Every structure is written in C-alpha cells, then in structure tokens.
Amino acid sequence: MSRRIVLNTLAYKQVFSQYPTLTQLDVLQEIKAAGYQDVEIRREYVKAGEEEIKRIAVTAEEQNLNLYYSVPDELFKDSELNPVLETYFKEAALLNSSQVKLNLGKLHTFLPEQAQQLIQVINTYPAIRLLIENDQNQEKSNSPRLKTFMEQAKELNVPIGLTFDIGNFHVIQEDVFESVNNLLPYVAYVHIKNAKKTETGYESTDIASGDINIESILKLFPPTILCGIEYSCGGKEEIQKKMEYERNLILEMAAQESL
C-alpha cells in the first residue's frame, strides 16, 4: 500500500515571506500540480478569517483536494481547556477538514469534568477528528508526558489522536525511536521533517539533510498512517520541484518497505 502524503503549507514559509500578498488559496493549484491530493492548511497563514477559509474550501473541492487544519495553539491553557477551542472546530468545519491539530499545552491531570467539556465540543463536530502534536517544548511535549495524557484520554473515553512530529522530538533531545515506542498506539498522523543540531541550537531540514534517519523512522509506522511534509521547501523558483522531489522520495521509501 502506498502512503498518502500531505503537503503542509509550512512548505511555503519562505515564499510567503518573499511575497506577503500571496495566500494559501493562491498556491492550491501549484500544490496539486506537484502531485498532492492532501493539503494541511495553517491557521497562522489565513489573512482574511472565515471568508478566506470558505474560499479555500470551495477551491479545494473544485480541485478534488482533501484538507486538514493546523492550529498554532494549545488544547489546554494553565490546565484549563482552551476557551476558543470550539472556534477552531468551527473553522475546520468551514474548511471541510476531517481533522484539527493543536498542541497539548500545560496540563497537570486530565480531570473527568474537563473530559466531558471536551467530548461535548467533539460531539458537536463529529466529522472532525481532534489531534494533538508534540511541539518543541520539552516539558509539555516529551513522549512520556504525551503517553500519560493519551492513556488518560482513553480511560475517559475522549477520542483524541496524536500527530507525531519527527523533527520536534529530536529538537527536545529525545531519542526518536524511543518516542515512537512510547506513542505508536496513539499516532494517527506523522509530520515529516528532519532536524540538524547546530552551534546555536537546532534547525529544521528536509528529509535527507538532518540528523535523523527518516526512512528508518517511517518503517515503524503502518502504511495507513497519513504523513505530512512540514518544512520550508525553499523559494519561488525551486519550491515546486522540491515538493515533487520530497513526495517521490517518501513514496520510494514506502515502496522499499513493501519489498
């Protein structure tokens, strides 16, 4: 089985910086031309609110693209459920997204009353799956911490999946293979980016340029799990070629797995 590969619009980070008037809506056709059927829209790149989200949804439907929604916010703020969570679900619904992704945030214990609040929001939008992702905060996103939360969610019957960001675990100096071992049963989506240690910290890289053996990591996940390319793919002159190359590289890795 060939992997389904998502293009996260973080790939356009450099392009959006170079051309400030360019929007995610403007690049959907180019993404489709690079071979992608699945696109992860980032909330921080939405410039015109719900009206822009609606236009993205219409264009994606016309081009037969599947959309997902990435929100740069936390599910919990100071151990309380984020009060604007339902807004994010509403936006995901307008986008016709099948999932919405946030970071976990700060939470000491997942209480039953919090679980019920969260279930109520989730049940209001049954077509949208809630995912949490590990970010680059060691305290909030180490794999034992995430595993504890996912176990609590399971006990409280809260349907939550996990987005496993490969590069982010390396950035918090956690062994990525051990991270997979801790979290594999809960992973619904994988963010593919590599990371390289530098003199001043870490930088995100493409698949082949970082410290992590991405192919070895991907082999640990079943082929049914979505994989999203999530790193800057360069400037306007090179991005489409780079997106095509990285997609084909992952497909080649998946083909090798099946041999």
Side-chain angles (χ1 to χ4, degrees), residues 1-15 24 27-42 56 59-70 96-99 101 129 131 133-134 161-170 176-177 179-181 183-196 203-259:
M1 178 184 292
S2 180
R3 288 195 184 276
R4 281 179 60 190
I5 304 171
V6 182
L7 193 283
N8 184 295
T9 57
L10 186 67
Y12 281 83
K13 180 179 181 180
Q14 184 175 334
V15 176
Q24 292 174 105
V27 300
L28 289 181
Q29 186 173 356
E30 184 175 289
I31 293 171
K32 177 74 176 286
Y36 295 87
Q37 292 293 131
D38 301 88
V39 182
E40 188 169 9
I41 298 297
R42 298 183 72 89
I56 291 172
T59 301
E61 185 174 7
E62 292 171 349
Q63 298 189 23
N64 195 30
L65 293 171
N66 304 306
L67 298 182
Y68 311 94
Y69 197 36
S70 172
N96 293 324
S97 170
S98 60
Q99 66 187 38
K101 186 275 301 177
R129 186 174 190 184
L131 302 180
E133 179 184 28
N134 57 297
L162 186 70
T163 295
F164 187 102
D165 188 298
I166 296 173
N168 284 352
F169 278 117
H170 185 54
V176 183
F177 290 94
S179 305
V180 177
N181 184 58
L183 298 172
L184 183 58
Y186 306 106
V187 176
Y189 182 35
V190 177
H191 268 167
I192 299 174
K193 70 166 175 274
N194 214 323
K196 177 186 295 184
E203 64 179 29
S204 297
T205 75
D206 60 22
I207 294 172
S209 301
D211 300 330
I212 309 163
N213 186 324
I214 296 292
E215 183 173 7
S216 296
I217 296 296
L218 289 182
K219 286 180 179 179
L220 302 177
F221 295 102
T224 51
I225 288 181
L226 279 173
C227 290
I229 291 175
E230 196 214 24
Y231 45 85
S232 177
C233 289
K236 187 68 173 176
E237 302 304 317
E238 62 184 316
I239 186 168
Q240 186 163 14
K241 183 178 180 181
K242 183 68 172 179
M243 290 191 301
E244 292 175 359
Y245 176 81
E246 297 293 88
R247 175 180 175 275
N248 290 337
L249 182 57
I250 296 170
L251 290 176
E252 289 173 10
M253 291 178 180
Q256 290 296 318
E257 292 175 36
S258 63
L259 295 180

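Keep in mind that what you see is a predicted model, and the values were worked out from it rather than measured.
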Check the pair Ile250, Ile229 against side chain to side chain contact (heavy atoms under 4.5 Å, CB included), reporting the backbone distance first and the verdict last.
CA-CA 9 Å; Ile250 296 170; Ile229 291 175; 3.7 Å; yes
Apply side chain to side chain contact (heavy atoms under 4.5 Å, CB included) to Arg4 and Asn66, showing your working.
CA-CA 11 Å; Arg4 281 179 60 190; Asn66 304 306; 3.6 Å; yes
So Phe164 and Ile225, side chain to side chain contact (heavy atoms under 4.5 Å, CB included) or not? Walk me through it.
CA-CA 11 Å; Phe164 187 102; Ile225 288 181; over 6 Å; no
Run Phe169 and Leu183 through side chain to side chain contact (heavy atoms under 4.5 Å, CB included) and show every step you take.
CA-CA 12 Å; Phe169 278 117; Leu183 298 172; 3.6 Å; yes
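Looking at heavy atoms from C-beta onward, Leu67 lies out of side-chain contact with Asn96 at the 4.5 angstrom threshold. When side chains are defined from C-beta on, Tyr12 counts as touching Met243, because their heavy atoms get closer than 4.5 Å. Between Ser216 and Phe177, the closest side-chain pair of non-hydrogen atoms falls below 4.5 Å. In this structure, the side chains of Lys242 and Asp206 come closer than 4.5 Å at one or more pairs of heavy atoms. Looking only at side-chain heavy atoms (C-beta outward), Tyr189 and Val6 come within less than 4.5 Å of each other. Between Asn194 and Tyr231, every side-chain heavy-atom pair lies at or beyond the 4.5 Å cut-off. A heavy-atom distance below 4.5 Å is found between the side chains of Glu215 and Lys219. Two residues are said to be in side-chain contact when any heavy atoms from C-beta on lie closer than 4.5 Å; Leu218 and Ile166 meet this criterion.
Shown here for Gly167 and Ala195, the closest heavy-atom pair between the two residues is O-CB, 3.9 Å. Listed here is the closest heavy atom pair of Ala188 and Arg129: CB-NH1, 3.4 Å. Between Leu184 and Pro222, the shortest heavy-atom contact is CD1-CD, 4.4 Å. Of all the heavy atoms in Leu10 and Arg42, the pair that sits closest is N-CD, 3.4 Å. Nearest approach of Ala33 to Gln240, heavy atoms of both residues: CB-NE2, 3.3 Å. Smallest separation of non-hydrogen atoms from Val15 and Gly234: CG2-O, 3.5 Å.
Remark: Glu238 CD is packed, more than 12 non-hydrogen atoms of other residues, nucleotides or ligands lying under 6.0 Å away. Counting non-hydrogen atoms of neighbouring residues, nucleotides and ligands closer than 6.0 angstrom, the NZ atom of Lys32 exceeds 12 such neighbours. Remark: Glu61 CD is loosely packed, at most 12 non-hydrogen atoms of other residues, nucleotides or ligands lying under 6.0 Å away.
No donor-acceptor distance shorter than 3.5 angstrom exists from the side chain of Thr163 to the backbone of Glu133, with no hydrogens or angles considered. A donor-acceptor pair is defined here as one N or O able to donate and one able to accept, closer than 3.5 Å; such a pair exists between the side chain of Ser97 and the backbone of Tyr69. Gln37 places a side-chain N or O within donor-acceptor distance of the main-chain N or O of Asn64, the cut-off being under 3.5 Å. For Arg3 (side chain) and Cys227 (main-chain N/O), no donor-acceptor pair under 3.5 Å exists by modelled atom type.
Separation of atoms CD1 (Ile207) and CE (Met253) is listed at 5.0 Å; rounding is to 0.5 Å. Taking CG of Asp211 as the reference point, atom OG1 of Thr205 lies at 7.5 Å (rounded to 0.5 Å). Rounded to the nearest 0.5 Å, atoms CD (Gln99) and CG (Leu131) are 4.5 Å apart. Taken to the nearest 0.5 Å, the CG atom of Asn168 stands 11.5 Å off from the NE2 atom of His170. With values rounded to the nearest 0.5 angstrom, Leu7 atom CG is found 7.5 Å from Ile239 atom CD1. If you take OG on Ser209 and CD on Glu203, they are separated by 9.0 Å, rounding to the nearest 0.5 Å.
Screening Lys101, Gln24, His191 against Glu40 for a side-chain hydrogen bond (donor to acceptor under 3.5 Å, both in side chains) leaves a single residue, His191.
No side-chain donor-acceptor contact under 3.5 Å links Asp165 and Asn134.
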